[in-house]
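Note sheet for the following structure.
Worth knowing before you read on, the calculation uses all heavy atoms, side chains too, and leaves out hydrogens, waters and symmetry mates. This is a predicted model, so every value here is computed, not measured. A, B, ... follow the sequence lines: proteins, then strands. Residue 1 opens every chain.
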Amino acid sequence: MSNLSTKALRVTVPHALRSKLTVGGQSERHEKIKSILGELFRHERIEGYIRTHDETRQYAERLIELAKKYGDRHVGTMQLMDYWIADKDLIHKVFKVFVPRYANTLGPYTNAHRLPIEYGKHEHIFKQRQNIVLEMKNNPYPRIIPDPRNYSNILTNVLLNEARKEYRNEKKLSEKTDI
Amino acid sequence: MLANIIARYHFLTDQLIHYSRFFFSSPTFALINTSSSSSTLISPSTSCLPDMSILLTQKHRATVERRRIRRHSDLPMSLMSRIGTPRQDLHQCLECGTWHEKKTICGNCYDRIKKETQSMKDSFANKDEFNYNHPQQEVVYVYNNDNKLTDDKTKRIVEIPRERPTWFSKNLIPKINTTK
(Lines give C-alpha, C1' and ligand atoms only; values in the text may rest on other atoms or scores of the structure.)
Protein backbone atom coordinates (compact mmCIF):
# COMPACT_ATOMS: atom_id res chain seq x y z
CA MET A 1 0.00 0.00 0.00
CA SER A 2 2.97 2.26 0.31
CA ASN A 3 3.10 2.86 -3.42
CA LEU A 4 -0.39 4.40 -3.40
CA SER A 5 -0.35 8.16 -3.31
CA THR A 6 -2.81 10.92 -4.00
CA LYS A 7 -2.75 14.67 -4.07
CA ALA A 8 -3.15 16.57 -0.84
CA LEU A 9 -6.76 16.36 0.26
CA ARG A 10 -8.70 19.58 -0.05
CA VAL A 11 -10.67 19.23 3.17
CA THR A 12 -10.05 20.76 6.55
CA VAL A 13 -8.26 18.42 8.91
CA PRO A 14 -9.81 18.57 12.38
CA HIS A 15 -7.18 19.14 15.04
CA ALA A 16 -9.55 18.38 17.93
CA LEU A 17 -8.87 15.60 20.34
CA ARG A 18 -9.81 12.27 18.84
CA SER A 19 -11.00 10.82 22.13
CA LYS A 20 -14.47 10.14 20.78
CA LEU A 21 -13.01 7.87 18.14
CA THR A 22 -10.44 6.04 20.26
CA VAL A 23 -12.60 4.60 23.01
CA GLY A 24 -12.03 0.93 22.34
CA GLY A 25 -8.64 1.18 20.69
CA GLN A 26 -7.71 1.34 17.03
CA SER A 27 -9.94 -1.57 15.96
CA GLU A 28 -13.05 0.07 17.45
CA ARG A 29 -12.08 3.34 15.81
CA HIS A 30 -11.84 1.60 12.44
CA GLU A 31 -15.20 -0.10 12.96
CA LYS A 32 -16.84 3.24 13.72
CA ILE A 33 -15.31 4.89 10.65
CA LYS A 34 -16.40 1.95 8.48
CA SER A 35 -20.00 2.19 9.65
CA ILE A 36 -20.15 5.95 9.02
CA LEU A 37 -18.49 5.52 5.60
CA GLY A 38 -21.07 2.94 4.55
CA GLU A 39 -23.89 5.18 5.72
CA LEU A 40 -22.45 8.14 3.79
CA PHE A 41 -21.94 6.25 0.54
CA ARG A 42 -25.41 4.71 0.70
CA HIS A 43 -27.60 7.62 1.75
CA GLU A 44 -25.39 10.49 0.41
CA ARG A 45 -26.60 12.79 3.19
CA ILE A 46 -26.21 11.97 6.88
CA GLU A 47 -26.17 13.76 10.19
CA GLY A 48 -23.98 13.12 13.19
CA TYR A 49 -21.46 14.31 15.73
CA ILE A 50 -18.80 16.61 14.31
CA ARG A 51 -15.77 14.74 15.69
CA THR A 52 -16.61 11.38 14.16
CA HIS A 53 -18.09 12.61 10.92
CA ASP A 54 -15.41 15.18 10.18
CA GLU A 55 -12.80 12.44 10.64
CA THR A 56 -14.66 10.12 8.31
CA ARG A 57 -14.85 12.78 5.67
CA GLN A 58 -11.11 12.48 4.99
CA TYR A 59 -11.39 8.72 4.50
CA ALA A 60 -14.19 9.13 1.95
CA GLU A 61 -12.18 11.74 0.06
CA ARG A 62 -9.09 9.55 -0.01
CA LEU A 63 -10.99 6.47 -1.22
CA ILE A 64 -12.63 8.33 -4.10
CA GLU A 65 -9.32 9.98 -5.00
CA LEU A 66 -7.65 6.55 -5.18
CA ALA A 67 -10.53 5.08 -7.17
CA LYS A 68 -10.26 7.92 -9.68
CA LYS A 69 -6.50 7.54 -10.03
CA TYR A 70 -5.98 3.77 -10.14
CA GLY A 71 -9.29 2.26 -11.25
CA ASP A 72 -10.77 -1.07 -10.24
CA ARG A 73 -8.02 -3.30 -11.70
CA HIS A 74 -5.44 -2.25 -9.09
CA VAL A 75 -4.59 -4.60 -6.25
CA GLY A 76 -3.74 -2.10 -3.51
CA THR A 77 -6.77 0.06 -4.18
CA MET A 78 -9.11 -2.91 -4.11
CA GLN A 79 -7.55 -4.13 -0.86
CA LEU A 80 -8.17 -0.73 0.71
CA MET A 81 -11.75 -0.69 -0.60
CA ASP A 82 -12.30 -4.17 0.76
CA TYR A 83 -11.03 -3.12 4.16
CA TRP A 84 -12.78 0.21 4.60
CA ILE A 85 -16.15 -0.53 2.97
CA ALA A 86 -18.02 -3.19 4.90
CA ASP A 87 -21.04 -3.54 2.56
CA LYS A 88 -19.64 -4.90 -0.66
CA ASP A 89 -22.41 -3.53 -2.90
CA LEU A 90 -21.06 -0.05 -2.17
CA ILE A 91 -17.68 -0.83 -3.76
CA HIS A 92 -19.52 -1.14 -7.07
CA LYS A 93 -21.24 2.15 -6.36
CA VAL A 94 -17.91 3.92 -5.81
CA PHE A 95 -16.57 2.83 -9.19
CA LYS A 96 -19.77 3.04 -11.23
CA VAL A 97 -21.42 6.13 -9.76
CA PHE A 98 -18.94 8.31 -7.88
CA VAL A 99 -15.96 8.01 -10.24
CA PRO A 100 -17.91 9.11 -13.38
CA ARG A 101 -19.74 11.75 -11.36
CA TYR A 102 -16.53 13.35 -10.07
CA ALA A 103 -14.44 12.72 -13.17
CA ASN A 104 -14.14 16.42 -13.97
CA THR A 105 -14.34 17.86 -10.46
CA LEU A 106 -11.20 18.75 -8.59
CA GLY A 107 -11.04 19.01 -4.86
CA PRO A 108 -13.42 17.93 -2.15
CA TYR A 109 -16.20 15.57 -3.13
CA THR A 110 -18.11 16.06 0.12
CA ASN A 111 -19.79 18.99 1.81
CA ALA A 112 -20.11 19.50 5.55
CA HIS A 113 -22.34 22.07 7.25
CA ARG A 114 -22.74 22.74 10.95
CA LEU A 115 -26.26 22.13 12.21
CA PRO A 116 -27.89 24.42 14.79
CA ILE A 117 -26.92 23.48 18.34
CA GLU A 118 -29.68 22.14 20.59
CA TYR A 119 -28.92 23.74 23.92
CA GLY A 120 -29.63 21.73 27.05
CA LYS A 121 -29.98 18.43 25.22
CA HIS A 122 -26.52 17.18 26.17
CA GLU A 123 -26.16 15.24 29.41
CA HIS A 124 -23.92 18.00 30.78
CA ILE A 125 -26.14 21.04 30.44
CA PHE A 126 -23.46 23.67 29.92
CA LYS A 127 -21.71 21.63 27.25
CA GLN A 128 -22.97 21.70 23.68
CA ARG A 129 -22.92 18.89 21.18
CA GLN A 130 -22.18 20.19 17.70
CA ASN A 131 -23.68 18.02 14.97
CA ILE A 132 -22.99 18.39 11.27
CA VAL A 133 -24.69 17.28 8.09
CA LEU A 134 -22.29 15.48 5.74
CA GLU A 135 -23.17 14.92 2.09
CA MET A 136 -21.68 13.85 -1.22
CA LYS A 137 -21.55 16.61 -3.82
CA ASN A 138 -24.04 16.76 -6.72
CA ASN A 139 -26.54 14.47 -5.03
CA PRO A 140 -30.18 14.40 -6.22
CA TYR A 141 -31.58 15.87 -3.00
CA PRO A 142 -32.45 19.58 -2.55
CA ARG A 143 -29.53 21.87 -1.85
CA ILE A 144 -28.82 22.74 1.78
CA ILE A 145 -27.39 26.16 1.05
CA PRO A 146 -30.13 27.97 -0.94
CA ASP A 147 -29.67 28.96 -4.56
CA PRO A 148 -27.46 31.98 -5.16
CA ARG A 149 -29.45 35.17 -5.43
CA ASN A 150 -29.55 37.67 -8.23
CA TYR A 151 -28.30 40.96 -6.81
CA SER A 152 -27.99 42.84 -10.11
CA ASN A 153 -31.21 44.84 -9.65
CA ILE A 154 -30.25 46.34 -6.30
CA LEU A 155 -29.92 50.12 -6.53
CA THR A 156 -26.22 50.29 -5.62
CA ASN A 157 -25.36 47.66 -8.21
CA VAL A 158 -27.38 49.48 -10.90
CA LEU A 159 -25.61 52.76 -10.08
CA LEU A 160 -22.18 51.08 -10.07
CA ASN A 161 -22.88 49.51 -13.47
CA GLU A 162 -23.87 52.88 -14.91
CA ALA A 163 -20.75 54.50 -13.44
CA ARG A 164 -18.64 51.74 -14.97
CA LYS A 165 -20.22 52.29 -18.40
CA GLU A 166 -19.62 56.05 -18.18
CA TYR A 167 -15.99 55.51 -17.21
CA ARG A 168 -15.42 53.19 -20.17
CA ASN A 169 -17.05 55.62 -22.62
CA GLU A 170 -14.94 58.51 -21.35
CA LYS A 171 -11.80 56.41 -21.68
CA LYS A 172 -12.66 55.52 -25.28
CA LEU A 173 -13.34 59.16 -26.16
CA SER A 174 -10.09 60.35 -24.59
CA GLU A 175 -8.11 57.70 -26.51
CA LYS A 176 -9.69 58.83 -29.77
CA THR A 177 -8.89 62.52 -29.09
CA ASP A 178 -5.28 61.69 -28.21
CA ILE A 179 -4.80 59.93 -31.51
CA MET B 1 2.18 22.82 68.52
CA LEU B 2 1.37 26.52 68.22
CA ALA B 3 4.37 27.11 66.02
CA ASN B 4 3.14 24.35 63.79
CA ILE B 5 -0.30 25.98 63.49
CA ILE B 6 1.23 29.37 62.77
CA ALA B 7 3.45 27.90 60.10
CA ARG B 8 0.40 26.26 58.57
CA TYR B 9 -1.44 29.59 58.67
CA HIS B 10 1.41 31.36 56.91
CA PHE B 11 1.50 28.68 54.28
CA LEU B 12 -2.24 29.00 53.64
CA THR B 13 -2.13 32.78 53.35
CA ASP B 14 0.76 32.55 50.93
CA GLN B 15 -1.17 30.06 48.86
CA LEU B 16 -4.26 32.27 48.93
CA ILE B 17 -2.27 35.24 47.69
CA HIS B 18 -0.63 33.12 45.03
CA TYR B 19 -3.89 31.78 43.65
CA SER B 20 -5.82 35.03 44.02
CA ARG B 21 -3.86 36.28 41.03
CA PHE B 22 -5.79 33.81 38.88
CA PHE B 23 -9.20 34.49 40.43
CA PHE B 24 -8.96 38.28 40.35
CA SER B 25 -6.90 39.19 37.35
CA SER B 26 -7.91 42.83 37.63
CA PRO B 27 -6.09 44.75 40.39
CA THR B 28 -9.16 45.29 42.55
CA PHE B 29 -7.51 43.82 45.63
CA ALA B 30 -4.45 45.11 47.40
CA LEU B 31 -2.15 43.85 50.10
CA ILE B 32 -2.05 45.64 53.45
CA ASN B 33 0.74 45.39 55.94
CA THR B 34 -0.91 45.64 59.36
CA SER B 35 2.26 45.13 61.34
CA SER B 36 3.81 48.28 59.91
CA SER B 37 0.88 50.36 61.22
CA SER B 38 1.96 49.82 64.79
CA SER B 39 1.69 53.51 65.63
CA THR B 40 -2.05 53.13 66.22
CA LEU B 41 -3.01 52.91 69.86
CA ILE B 42 -5.39 49.96 69.65
CA SER B 43 -3.11 47.34 68.27
CA PRO B 44 -3.42 43.72 69.36
CA SER B 45 -0.41 42.20 70.97
CA THR B 46 1.51 40.07 68.55
CA SER B 47 1.94 37.26 71.04
CA CYS B 48 -1.70 36.26 71.44
CA LEU B 49 -2.65 36.44 67.78
CA PRO B 50 -0.83 34.98 64.78
CA ASP B 51 1.06 37.56 62.79
CA MET B 52 -1.50 38.90 60.33
CA SER B 53 0.99 40.71 58.23
CA ILE B 54 -0.90 40.30 55.00
CA LEU B 55 -4.62 40.63 54.32
CA LEU B 56 -6.71 40.88 51.19
CA THR B 57 -8.93 43.92 51.06
CA GLN B 58 -10.95 45.60 48.39
CA LYS B 59 -9.08 48.36 46.64
CA HIS B 60 -11.82 49.72 44.35
CA ARG B 61 -15.50 50.02 44.95
CA ALA B 62 -17.45 47.56 42.76
CA THR B 63 -19.79 49.22 40.29
CA VAL B 64 -23.55 49.16 40.74
CA GLU B 65 -23.99 46.73 37.85
CA ARG B 66 -21.44 44.34 39.21
CA ARG B 67 -22.94 44.42 42.70
CA ARG B 68 -26.43 43.83 41.36
CA ILE B 69 -25.25 40.95 39.21
CA ARG B 70 -23.53 39.40 42.20
CA ARG B 71 -26.63 39.89 44.35
CA HIS B 72 -29.34 38.68 41.98
CA SER B 73 -27.77 36.17 39.59
CA ASP B 74 -27.85 32.44 40.18
CA LEU B 75 -24.50 31.99 38.50
CA PRO B 76 -21.17 32.71 40.16
CA MET B 77 -19.24 35.66 38.76
CA SER B 78 -16.69 33.39 37.15
CA LEU B 79 -19.37 31.93 34.86
CA MET B 80 -21.16 35.19 34.13
CA SER B 81 -18.87 36.27 31.33
CA ARG B 82 -19.18 32.93 29.53
CA ILE B 83 -22.86 32.06 30.08
CA GLY B 84 -24.63 35.12 31.41
CA THR B 85 -23.76 37.66 28.72
CA PRO B 86 -25.94 38.30 25.65
CA ARG B 87 -24.69 36.76 22.40
CA GLN B 88 -23.39 38.94 19.62
CA ASP B 89 -22.85 36.26 16.95
CA LEU B 90 -26.43 35.76 15.79
CA HIS B 91 -27.40 36.21 12.15
CA GLN B 92 -30.76 36.51 10.45
CA CYS B 93 -31.54 34.07 7.65
CA LEU B 94 -32.02 35.79 4.29
CA GLU B 95 -34.69 33.29 3.21
CA CYS B 96 -37.01 32.98 6.21
CA GLY B 97 -35.84 35.61 8.70
CA THR B 98 -35.25 33.36 11.69
CA TRP B 99 -32.17 33.82 13.83
CA HIS B 100 -29.31 31.37 13.83
CA GLU B 101 -25.73 31.31 15.03
CA LYS B 102 -23.07 32.65 12.75
CA LYS B 103 -21.21 29.39 12.22
CA THR B 104 -24.31 27.19 11.73
CA ILE B 105 -26.87 26.92 8.95
CA CYS B 106 -30.45 28.10 9.41
CA GLY B 107 -32.42 25.49 11.32
CA ASN B 108 -35.82 26.51 9.98
CA CYS B 109 -34.74 26.18 6.34
CA TYR B 110 -32.92 22.93 7.06
CA ASP B 111 -36.06 21.34 8.58
CA ARG B 112 -37.90 21.83 5.29
CA ILE B 113 -35.01 20.32 3.30
CA LYS B 114 -34.73 17.41 5.71
CA LYS B 115 -38.43 16.54 5.38
CA GLU B 116 -38.26 16.72 1.58
CA THR B 117 -35.13 14.52 1.52
CA GLN B 118 -36.79 11.96 3.76
CA SER B 119 -39.92 11.84 1.61
CA MET B 120 -37.77 11.42 -1.51
CA LYS B 121 -36.00 8.50 0.16
CA ASP B 122 -39.34 6.99 1.16
CA SER B 123 -40.56 7.11 -2.43
CA PHE B 124 -37.83 4.62 -3.35
CA ALA B 125 -40.15 1.61 -3.23
CA ASN B 126 -37.77 -1.31 -2.81
CA LYS B 127 -36.14 -0.78 0.60
CA ASP B 128 -34.22 -4.06 0.51
CA GLU B 129 -32.62 -3.12 -2.77
CA PHE B 130 -31.63 0.27 -1.40
CA ASN B 131 -30.13 -1.12 1.78
CA TYR B 132 -28.49 -4.36 0.64
CA ASN B 133 -28.03 -4.25 -3.15
CA HIS B 134 -27.67 -0.59 -3.91
CA PRO B 135 -28.48 0.53 -7.49
CA GLN B 136 -25.29 1.02 -9.48
CA GLN B 137 -26.60 3.91 -11.54
CA GLU B 138 -27.32 7.53 -10.73
CA VAL B 139 -30.68 7.71 -8.96
CA VAL B 140 -32.89 10.42 -10.48
CA TYR B 141 -36.06 11.57 -8.75
CA VAL B 142 -38.76 12.78 -11.14
CA TYR B 143 -41.76 14.79 -9.97
CA ASN B 144 -45.15 14.93 -11.71
CA ASN B 145 -44.60 18.25 -13.46
CA ASP B 146 -41.07 17.48 -14.67
CA ASN B 147 -40.10 16.44 -18.17
CA LYS B 148 -40.24 12.69 -18.72
CA LEU B 149 -36.79 11.12 -19.03
CA THR B 150 -36.00 8.41 -21.56
CA ASP B 151 -35.62 5.09 -19.79
CA ASP B 152 -31.99 4.16 -20.49
CA LYS B 153 -29.76 1.95 -18.36
CA THR B 154 -27.47 4.73 -17.16
CA LYS B 155 -30.04 6.24 -14.80
CA ARG B 156 -32.36 4.79 -12.23
CA ILE B 157 -35.59 6.78 -12.39
CA VAL B 158 -37.76 7.09 -9.28
CA GLU B 159 -41.12 8.76 -9.76
CA ILE B 160 -42.67 10.86 -7.02
CA PRO B 161 -46.45 11.33 -7.26
CA ARG B 162 -46.32 14.99 -6.27
CA GLU B 163 -45.52 18.33 -7.80
CA ARG B 164 -42.06 19.75 -7.39
CA PRO B 165 -41.92 22.30 -4.53
CA THR B 166 -41.44 25.86 -5.69
CA TRP B 167 -38.31 26.41 -3.61
CA PHE B 168 -36.63 23.24 -4.95
CA SER B 169 -34.86 24.43 -8.07
CA LYS B 170 -34.65 22.02 -10.98
CA ASN B 171 -31.12 23.09 -11.81
CA LEU B 172 -29.13 21.37 -9.08
CA ILE B 173 -25.73 22.66 -10.15
CA PRO B 174 -26.20 26.35 -10.99
CA LYS B 175 -23.35 28.66 -11.89
CA ILE B 176 -21.86 30.29 -8.83
CA ASN B 177 -21.93 33.86 -10.11
CA THR B 178 -25.43 34.59 -11.39
CA THR B 179 -25.07 38.35 -11.34
CA LYS B 180 -23.59 38.41 -14.86
Side-chain angles (χ1 to χ4, degrees), chain A residues 38-39 41-47 50 85 87-101 104-105 111-120 125-128 130-133 135-154 157-158 160-161, chain B residues 75 79 82-83 87 93-96 98-121 124 129-142 154-158 160 164-165 167-180:
Chain A
E39 216 178 313
F41 283 157
R42 191 179 298 284
H43 295 282
E44 305 206 11
R45 180 175 288 177
I46 52 171
E47 293 174 25
I50 185 167
I85 301 176
D87 304 338
K88 303 305 171 202
D89 56 329
L90 291 175
I91 299 177
H92 294 279
K93 196 188 175 186
V94 169
F95 285 103
K96 289 175 184 170
V97 178
F98 290 144
V99 170
R101 191 195 281 180
N104 297 322
T105 53
N111 279 333
H113 302 288
R114 287 182 183 228
L115 287 175
I117 301 168
E118 293 177 334
Y119 288 94
I125 298 166
F126 290 124
K127 280 186 179 178
Q128 291 97 40
Q130 173 74 75
N131 284 5
I132 59 169
V133 52
E135 60 166 3
M136 305 300 299
K137 274 187 180 176
N138 305 349
N139 54 11
Y141 303 119
R143 289 158 55 89
I144 291 173
I145 298 299
D147 298 342
R149 290 164 160 242
N150 187 3
Y151 290 110
S152 62
N153 290 330
I154 291 177
N157 280 341
V158 172
L160 277 171
N161 275 331
Chain B
L75 294 168
L79 289 177
R82 189 160 63 84
I83 297 165
R87 307 219 19 190
C93 178
L94 285 172
E95 299 294 321
C96 59
T98 51
W99 293 90
H100 62 97
E101 283 170 64
K102 187 183 172 185
K103 59 186 177 183
T104 65
I105 56 173
C106 172
N108 191 20
C109 292
Y110 181 70
D111 271 352
R112 189 183 60 193
I113 291 160
K114 192 180 175 184
K115 278 175 193 164
E116 185 64 29
T117 313
Q118 191 56 45
S119 73
M120 282 166 83
K121 269 182 198 167
F124 196 99
E129 192 194 351
F130 190 84
N131 288 326
Y132 301 108
N133 186 18
H134 201 81
Q136 287 151 25
Q137 308 104 2
E138 288 277 4
V139 181
V140 181
Y141 294 93
V142 179
T154 55
K155 280 169 185 170
R156 176 67 180 273
I157 294 165
V158 179
I160 304 174
R164 183 181 282 270
W167 50 267
F168 183 10
S169 121
K170 200 183 289 183
N171 187 12
L172 284 172
I173 317 158
K175 293 280 192 314
I176 295 164
N177 195 351
T178 52
T179 55
K180 284 174 185 172

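I132(A) CD1 to I105(B) CD1: the interatomic distance, rounded to the nearest 0.5 Å, is 10.5 Å. The line from CZ of R45(A) to CD of Q118(B) is 11.5 Å long, rounded to the nearest 0.5 Å. Taking CG from N139(A) and CE from M120(B), the interatomic distance works out to 8.5 Å, rounded to the nearest 0.5 Å. To the nearest 0.5 Å, atom OH of residue Y110(B) and atom CD1 of residue I144(A) are 5.5 Å apart.
Within a 6.0 Å sphere centred on CD of Q136(B), other residues, nucleotides and ligands contribute more than 12 heavy atoms. Within 6.0 Å of the NZ atom in K155(B), the count of heavy atoms belonging to other residues, nucleotides or ligands does not exceed 12. Sparse packing is recorded around NZ of K114(B), with 12 or fewer heavy atoms of other residues, nucleotides or ligands lying under 6.0 Å away. Summarising the local packing, NZ of K88(A) is surrounded by more than 12 heavy atoms from other residues, nucleotides or ligands at distances under 6.0 Å.
Heavy-atom pairs under 4.5 Å with chain A were tallied for Q137(B), K121(B), R112(B); the largest tally goes to K121(B). Each of I117(A), L90(A), D87(A) has some count of heavy-atom pairs under 4.5 Å with chain B, and the biggest count is that of I117(A).
Scanning for salt bridge (Lys or Arg N to Asp or Glu O under 4.0 Å) contacts around K127(A) gives an empty result, with sequence neighbours left out. In terms of the salt bridge (Lys or Arg N to Asp or Glu O under 4.0 Å) criterion, residue partners of E44(A) (sequence neighbours excluded) are, by chain and number, K93(A), R101(A).
Contact of V140(B) with chain A is not made at all, since no heavy-atom distance falls under 4.5 Å. Heavy atoms of L94(B) lying under 4.5 Å from chain A belong to its backbone as well as its side chain. Heavy atoms of F130(B) lying under 4.5 Å from chain A belong to its backbone as well as its side chain. Heavy atoms closer than 4.5 Å to chain B are found in the side chain of I145(A), but not in its backbone. H100(B) does not touch chain A: none of its heavy atoms, backbone or side chain, sits under 4.5 Å away.
Minimum heavy-atom separation, H134(B) to D89(A): N-OD2, 2.9 Å. Closest approach of E116(B) to P142(A), counting heavy atoms only: CG-CG, 4.0 Å. For the residue pair G107(B) and P116(A), the shortest heavy atom distance occurs at CA-CG, 3.6 Å.
You'll find the side chain of R114(A) stays beyond 4.5 Å of the side chain of E101(B), heavy atoms only.
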